[in-house]
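Single-structure report; data block below.
Excluded from the calculations below are hydrogen atoms, water molecules and symmetry mates; all remaining heavy atoms, backbone and side chain alike, are included. Note that the coordinates shown come from a computational prediction; the quantities given were computed from them, not determined experimentally.
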Amino acid sequence: MTETTTAEPLEHGLEAKDNADVGSSNLDSPEEEYSELDDLEDRRRPLRFIDDFPDLPLDTPDNHAHIVNTQGFDEEVNTSQAKAIDAAITLLYNYDPEVLKKFLDPRIERFTWRRHRKGPFQEVVVLRRKTLVQMGFKDENGRWDDAGIQYKGDDLLRTWRLDHVEQHGSAGRTKNFNNMVTSAFAKGIYYNMPWERDGDFEFTLEAL
């Protein structure tokens, strides 16, 4: 495992604009339809959060980020409403709480965290440019693959709004699609724990 610090341009794929140019969220669509999976999901154990990071207390509204307790996480945990921003925050916290502090510091305008290795393997990416945050999985050609997700941060990076979702190049147009992609991303993070410093992976961190 190696960790390096590099400076790279904003990734292509998701559209990242200056704060004043950010378009409206693509969540302004009809409510998602009832799914037969809802009853099954409701019988699973709920996600649990931890409260040992002062900047992210438990008793904040849903539009704030929270750190998920991943101990004992398995298929019996209900992730149907899991938020991608919580997954990104949880990833950075478990990798190194000091890295999470940098991510949440509004004085740092460019932040990038990556886990990657050579060959046809998905890269895990969390990046921020000012108040825009992108996260997801990329293929070996640098394209957003299973998930490409963008949030906009407000209130000095204390509240978050889902701004754009895409999967395999297709942008989300419904709440059901967006929820499917974001919750699947979160589940993948909690289940696979990409913060673990396995010898086969390299980690890249940029914070400027």
Side-chain angles (χ1 to χ4, degrees), residues 11-49 56 58-70 73 75-92 103 122 124-139 143-155 157-192 194:
E11 295 299 324
H12 66 278
L14 293 185
E15 182 179 5
K17 306 177 182 179
D18 292 335
N19 296 346
D21 296 329
V22 174
S24 61
S25 169
N26 55 15
L27 300 186
D28 300 328
S29 49
E31 294 293 328
E32 59 183 296
E33 297 180 358
Y34 174 81
S35 168
E36 292 181 0
L37 294 177
D38 290 346
D39 288 339
L40 174 61
E41 291 286 357
D42 288 344
R43 291 195 293 270
R44 296 184 177 183
R45 302 196 312 274
L47 283 173
R48 304 293 184 185
F49 304 101
L56 298 173
L58 287 176
D59 57 348
T60 51
D62 190 58
N63 64 340
H64 289 238
H66 301 87
I67 300 173
V68 170
N69 184 348
T70 59
F73 182 87
E75 293 290 340
E76 296 306 313
V77 175
N78 184 349
T79 58
S80 62
Q81 300 299 319
K83 297 187 299 180
I85 189 64
D86 286 350
I89 291 288
T90 301
L91 185 163
L92 297 176
F103 174 81
Q122 284 184 328
V124 185
V125 181
V126 178
L127 64 86
R128 176 172 63 78
R129 301 294 183 264
K130 296 183 179 179
T131 62
L132 288 178
V133 174
Q134 297 178 335
M135 64 197 71
F137 305 116
K138 290 193 171 186
D139 63 21
R143 295 187 296 257
W144 296 106
D145 195 8
D146 285 347
I149 301 162
Q150 180 167 288
Y151 278 81
K152 185 177 185 300
D154 295 307
D155 303 324
L157 304 181
R158 291 298 179 265
T159 62
W160 303 93
R161 174 173 58 85
L162 186 61
D163 190 60
H164 183 89
V165 177
E166 67 180 57
Q167 184 181 53
H168 304 300
S170 298
R173 297 298 181 211
T174 67
K175 286 186 176 181
N176 189 58
F177 177 92
N178 292 334
N179 185 69
M180 176 190 70
V181 175
T182 55
S183 63
F185 168 77
K187 181 177 180 179
I189 294 298
Y190 302 144
Y191 195 81
N192 294 300

State the [atom1]-[atom2] distance between [X] and [Y], to the nearest 0.5 angstrom.
X    : Y    : atom1 : atom2 : value
K130 : L157 : NZ    : CG    : 12.5 Å
R129 : Q150 : CZ    : CD    : 11.5 Å
T131 : W160 : OG1   : CH2   : 8.0 Å
K152 : R161 : NZ    : CZ    : 6.0 Å
F137 : W144 : CZ    : CH2   : 10.0 Å

Is the backbone of [Y] close enough, under 3.5 Å, to the side chain of [X] for a donor and an acceptor to pair up by distance?
X    : Y    : answer
D155 : T159 : no
Y190 : F73  : no
H66  : F49  : no
K83  : H64  : yes
Q167 : D146 : yes
N192 : G188 : yes

Legend entry - Side-chain H-bond candidate by donor/acceptor type, S80 with N78, under 3.5 Å: yes
Inset, instruction - Output, in order, the C-alpha distance, side-chain angles, deciding distance and verdict of side-chain contact (heavy atoms from CB on, under 4.5 Å) for V124 and L91. - result: CA-CA 10 Å; V124 185; L91 185 163; 3.9 Å; yes
Inset, instruction - Determine, for K187 against E75, whether the closest basic-nitrogen to carboxylate-oxygen distance falls under 4.0 angstrom. - result: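 So K187 pairs with E75 through a salt bridge.
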Inset, instruction - Decide side-chain contact (heavy atoms from CB on, under 4.5 Å) for Y151 and L162; before the verdict, give the C-alpha distance in whole Å, the side-chain angles of both, and the deciding distance to 0.1 Å. - result: CA-CA 4 Å; Y151 278 81; L162 186 61; 3.7 Å; yes
Min side-chain heavy-atom separation [X]-[Y] under 4.5 Å:
X    : Y    : result
I189 : T90  : no
D145 : H168 : yes
T182 : I85  : no
N179 : Q81  : yes
L127 : M135 : no

Legend entry - Within 45° cone of F103 ring axis and under 6.0 Å: R128 NZ or CZ: yes
Can you name the nearest heavy-atom pair linking [X] to [Y], along with the distance?
X    : Y    : answer
F177 : A171 : CE2-C, 4.1 Å
F185 : G136 : CE1-CA, 3.6 Å
A65  : D86  : CA-OD1, 3.4 Å

